Amino acid sequence: MRRVFILNEGTHDYSSAEAFGELVYCTEGLLPKRDINRLFLELDRVLGDSDAKDLIMLSSLSSLCSVASAMMAAMHGEVHFLVYHDGRYYEETLIL
């Protein structure tokens, strides 16, 4: 089953994103936004076994989104994003 990686568990209701796949939380709580290596290590625990068709929900810190996108691109050559806009989710794909 396809997974939706939510980069940081927050207070938002993400239940409508389940239509795109299983929700998987990568991190929780406060993050060291300036410590890129630490963000990588936190994400690697979860994204390390990702599939090319899994999605990254664009939310949380821009540095966290950047690291997750770079990791997925390096591992799979493509990144699938889940973007929330005007009250609903949209999938966007970047093929490298």
Side-chain angles (χ1 to χ4, degrees):
M1 173 184 234
R2 195 174 199 194
R3 292 173 289 177
V4 176
F5 291 108
I6 300 171
L7 299 179
N8 189 270
E9 186 171 9
T11 59
H12 302 289
D13 177 12
Y14 299 113
S15 59
S16 59
E18 289 178 313
F20 293 87
E22 174 191 0
L23 303 184
V24 177
Y25 294 95
C26 298
T27 66
E28 62 181 43
L30 295 175
L31 297 168
K33 65 182 175 181
R34 293 185 57 206
D35 190 346
I36 300 298
N37 289 325
R38 170 99 182 272
L39 295 177
F40 169 80
L41 292 173
E42 291 286 327
L43 290 171
D44 190 47
R45 294 180 304 107
V46 180
L47 297 181
D49 71 341
S50 65
D51 184 78
K53 299 300 178 189
D54 290 336
L55 295 126
I56 293 175
M57 180 182 290
L58 290 181
S59 64
S60 191
L61 298 171
S62 57
S63 53
L64 192 62
C65 291
S66 298
V67 172
S69 298
M71 291 173 68
M72 294 293 276
M75 289 187 293
H76 307 299
E78 59 189 81
V79 185
H80 300 274
F81 298 104
L82 195 58
V83 182
Y84 188 79
H85 182 71
D86 285 339
R88 62 182 285 222
Y89 288 103
Y90 297 89
E91 183 179 344
E92 298 289 338
T93 299
L94 175 63
I95 306 291
L96 303 171

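The model shown is predicted, which means the values in this text are computed figures rather than measured ones.
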Are the side chains of I56 and C65 in touch, meaning some heavy atoms are under 4.5 Å apart?
-> no
Closest heavy-atom pair, G21 versus V4, reported as atoms and distance to 0.1 Å, is N-CG2, 3.9 Å
Using a cut-off of 6.0 Å, state whether more than 12 heavy atoms not belonging to I95 lie near its atom CD1.
-> yes
Is R45 close to L41 at the side-chain level, that is, under 4.5 Å between some pair of heavy atoms?
-> no
Under 3.5 Å, is there a donor-acceptor pair between the S59 and H12 side chains?
-> no
CG on L94 to OG on S69, rounded to 0.5 Å = 8.0 Å
Chi angles and distances behind the side-chain contact (heavy atoms from CB on, under 4.5 Å) call for L82, L58 = CA-CA 6 Å; L82 195 58; L58 290 181; over 6 Å; no
Pairwise distance OG1(T27) to CG(N8) - rounded to 0.5 angstrom | 3.5 Å
Can you list the residues that meet the ring-ring contact (aromatic ring centres under 6.0 Å, His included) rule with F20, with sequence neighbours excluded?
-> none
Roughly how far, to the nearest 0.5 Å, is the CG atom of D44 from the CG atom of L39?
-> 12.5 Å
Taking only residues two or more places apart in sequence, or in another chain, which ones meet Y84 in a ring-ring contact (aromatic ring centres under 6.0 Å, His included)?
-> Y89
Sequence neighbours left out, what pairs pass salt bridge (Lys or Arg N to Asp or Glu O under 4.0 Å) with at least one residue falling in residues 47-74?
-> R3-D49, R3-D54, K53-E78
OG of S63 to CG of L31: how many Å apart, nearest 0.5 Å?
-> 8.0 Å
Where do V79 and T93 land on the side-chain contact (heavy atoms from CB on, under 4.5 Å) test, with the steps shown first?
-> CA-CA 6 Å; V79 185; T93 299; over 6 Å; no
Listed by chain and number, what are the side chain to side chain contact (heavy atoms under 4.5 Å, CB included) partners of C26, not counting sequence neighbours?
-> F5, L7, L43, V46, L47
Scan for salt bridge (Lys or Arg N to Asp or Glu O under 4.0 Å) pairs involving residues 86-96, sequence neighbours excluded, and state none if there are none.
-> R2-E91
Inter-residue atom distance I36.CD1 - S66.OG, 0.5 Å rounding | 7.0 Å
Is the closest side-chain heavy-atom distance between Y25 and Y14 below 4.5 Å?
-> yes
According to the salt bridge (Lys or Arg N to Asp or Glu O under 4.0 Å) rule, which pairs have a member within residues 17-38, sequence neighbours left out?
-> R38-E42
